[in-house]
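Structure first, commentary second.
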Amino acid sequence: MLQPPSVFKTHYWHRLDDGRVICDLCPRHCRLRDGKRGACFVRQALDGEIVLTSYGRSSGFCIDPIEKKPLNHFYPGSSVLSFGTAGCNLSCKFCQNWSISKSREIDTLGETAMPEQIAQAAKRYGCDSIAFTYNDPVIFMEYAVDAAQACHELGIHSVAVSAGYMCDEPRIEFYRYMDAANIDLKGFTERFYHKICSGHLAPVLDTLLYLHHETDVWFEITTLLIPDENDSTDELEQLTRWVYDNLGPDVPIHFSAFHPDFKMLDKPRTPPKTVQRAREIAIKNGLNYAYVGNIFDEAGDSTYCPGCKKKVLSRNWYELGDCVLSNQGICNYCGYQIAGRFAPPKAFGRHRIPIKIA
């Protein structure tokens with residue numbers, strides 16, 4: 001059986017004259033003495049270098065519908081092998097995967113699988129893609145890139161579910177191996193990123209601009225709406241106008257409802273009407289594909305043709321219903337090409353299947 005290394009050498013770092021090492025992977029630029037871990041927990045200074053301590057280790061593996069990532073325009077109806085590790089390079093007070101992303105226990109990484117094993121498992125279970133998710137793949141970049149390469153050799157796509165919080169040089173290398181991404185645009189003010197996430201907005205916007213202008217990666221955007229924090233009409237107007245002006249009308253955007261979790265137990269759940277209002281604002285501002293999440297709203301979760309305005313792909317949570325699209329994503333009513341990546345439709349459904357790999 002293949003065994004993961006205890007540490008894996010990385011190359012996005014540099015040394016300081018005082019003996020510390022700076023991690024150059026993300027904008028936090030952690031300055032670490034030997035033996036100390038970065039804010040992400042899984043990258044550590046060791047013998048004058050930065051090493052990854054979670055390579056080949058995972059918090060678990062599941063097969064999901066691709067719509068759960070959420071990706072509504074990347075081979076709809078297909079299945080994806082999902083996994084994450086531990087830790088995160090942001091500190092979002094509302095994190096809804098906090099038991100994984102904020103874990104400081106190596107025991108969280110109870111599953112082991114090397115990249116080749118992941119690719120073989122995805123092939124064995126008939127998955128079209130693998131997804132790096134649950135926590136941000138930026139912090140286990142080397143593991144994710146190697147897994148993506150192993151999957152590409154078997155004709156399997158790679159998906160990054162990420163907050164997009166990384167530096168320019170590693171961003172180029174990381175997305176060279178990704179086929180699709182969902183970028184978590186957590187809000188649209190520096191105040192929100194600084195106060196709620198311990199980060200900054202600009203690097204996330206830079207990632208979105210890079211994906212649009214410099215790559216062929218299919219990407220979609222998700223914003224979790226938190227009452228009285230990032231759900232004002234003014235902020236949603238600014239966010240959706242920025243997306244239209246800078247990324248164009250065809251980038252799908254998902255607005256999801258918040259539920260109290262982690263350090264935001266005092267906030268109420270997001271009312272469905274707030275999520276629906278955000279979708280309406282996005283459509284009004286010219287975005288062709290806007291969706292709701294974490295609420296039941298079949299109309300708001302379905303895809304409509306920008307040409308004839310008719311519903312062409314219905315969804316009930318993560319399960320597909322009526323489809324009026326060709327195998328290439330062309331509207332059968334008017335011939336309009338729906339943006340995305342399409343193939344003959346599949347019907348994996350809404351179920352979630354935990355699996356063991358090793």
Side-chain angles (χ1 to χ4, degrees), residues 8-14 21-32 37-45 49-55 69 83-92 95 97 100-102 130-149 158-188 190 192-194 196-224 242-243 246-247 251:
F8 190 90
K9 289 191 175 185
T10 72
H11 56 275
Y12 291 110
W13 52 267
H14 68 276
V21 186
I22 292 187
C23 180
D24 295 321
L25 182 67
C26 91
R28 298 188 78 103
H29 294 294
C30 294
R31 298 174 178 232
L32 305 174
R37 293 175 179 266
C40 67
F41 177 65
V42 298
R43 302 181 89 82
Q44 182 181 27
E49 300 179 351
I50 298 290
V51 298
L52 174 63
T53 61
S54 62
Y55 190 102
K69 296 306 97 187
F83 73 99
T85 61
C88 189
N89 59 340
L90 289 174
S91 299
C92 302
C95 183
N97 279 330
I100 296 172
S101 68
K102 303 318 296 178
I130 62 167
F132 313 110
T133 182
Y134 308 138
N135 72 316
D136 202 305
V138 165
I139 66 169
F140 60 93
M141 170 177 167
E142 294 79 8
Y143 184 26
V145 165
D146 286 354
Q149 289 180 287
S158 293
V159 173
V161 181
S162 171
Y165 202 63
M166 64 190 311
C167 294
D168 294 350
E169 189 178 352
R171 181 190 293 132
I172 294 171
E173 180 182 355
F174 181 73
Y175 284 106
R176 184 181 301 139
Y177 300 99
M178 299 299 134
D179 300 291
N182 186 288
I183 302 299
D184 191 3
L185 181 55
K186 297 176 183 292
F188 206 66
E190 177 63 15
F192 182 87
Y193 266 88
H194 178 70
I196 307 297
C197 305
S198 299
H200 300 284
L201 172 61
V204 183
L205 300 184
D206 287 345
T207 293
L208 290 168
L209 290 169
Y210 173 76
L211 288 173
H212 179 65
H213 292 291
E214 304 294 336
T215 78
D216 293 324
V217 175
W218 175 258
F219 69 98
E220 304 184 18
I221 297 170
T222 296
T223 298
L224 183 75
W242 184 91
V243 171
N246 292 273
L247 309 177
V251 175

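These numbers were taken from a predicted model, which means no experiment stands behind them.
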Atom pair NZ (Lys186) and OG1 (Thr222), whose distance is rounded to the nearest 0.5 Å: 10.0 Å
Non-neighbouring partners of Tyr177 that pass side-chain hydrogen bond (donor to acceptor under 3.5 Å, both in side chains), sequence neighbours left out: none
Any donor-acceptor pair under 3.5 Å from Asp136 side chain to Ser162 backbone: no
Minimum heavy-atom separation for Met178 and Ala148, please, with both atom names. CE-CB, 4.0 Å
Kindly state each residue pair satisfying side-chain hydrogen bond (donor to acceptor under 3.5 Å, both in side chains) with at least one member in residues 21-30, sequence neighbours excluded. His14-Asp24
Heavy atoms of Tyr175 and Val217 approach each other most closely as O-CG2, 3.6 Å
Pairs meeting criterion side-chain hydrogen bond (donor to acceptor under 3.5 Å, both in side chains) with involvement of residues 205-217, two or more places apart: Arg171-Thr207
Approximate separation, where rounding is to 0.5 Å, of Ile139 CD1 and Thr53 OG1: 9.0 Å
Measuring centre to centre across the rings, with the benzene-like ring taken for any Trp, is Tyr165 within less than 6.0 Å of Tyr193? no
Under a 3.5 Å distance rule, please check whether Asn135 uses its side chain to pair with a backbone N or O of Thr85 as donor and acceptor. yes
Quick one: pull up CG in Leu205 and CG in Asn246 and give me the separation to the nearest 0.5 Å. 8.0 Å
Val159 vs Asp179 side-chain heavy atoms within contact, under 4.5 Å: no
CE (Met166) and CG (Leu25) are apart, to the nearest 0.5 Å, by 5.5 Å
Does Thr10 use its side chain to pair, donor to acceptor, with the backbone of Leu52 at less than 3.5 Å? no
Donor-acceptor pairs under 3.5 angstrom involving side-chain atoms of residues 196-204: please list them, not counting sequence neighbours.
residue, atom, partner, partner atom, Å
His200, ND1, Glu190, OE2, 2.5

Run the side-chain hydrogen bond (donor to acceptor under 3.5 Å, both in side chains) test against Lys69 and tell me which residues pass, sequence neighbours left out. Asp64, Ser82
Would you call the rings of Phe132 and Phe140 parallel, tilted or perpendicular if under 30° counts as parallel and over 60° as perpendicular? perpendicular
Heavy-atom distance under 4.5 Å between the side chains of Cys167 and Pro27, does that happen here? yes
d(Asp184 CG, Thr223 OG1) to nearest 0.5 Å is 7.0 Å
Closest approach of Gly38 to Cys30 (non-hydrogen atoms, all atoms of both residues): CA-SG, 4.0 Å
Output for pair (Ile221 CD1, Leu247 CG), nearest 0.5 Å, gives 5.5 Å
Is there a donor-acceptor contact under 3.5 Å from the side chain of Asn182 to the main chain of Val161? no
Partner of Tyr12 by side-chain hydrogen bond (donor to acceptor under 3.5 Å, both in side chains), out of Arg43, Glu142, Glu173: Glu173
In the structure I gave you, are the side-chain heavy atoms of Ser54 and Phe41 within less than 4.5 Å of one another anywhere? no
Flag the pair Tyr143 / Val42 as yes when at least one side-chain heavy-atom distance between them is below 4.5 Å, and no otherwise. no
Can you list the residues that meet the side-chain hydrogen bond (donor to acceptor under 3.5 Å, both in side chains) rule with Trp13, with sequence neighbours excluded? none
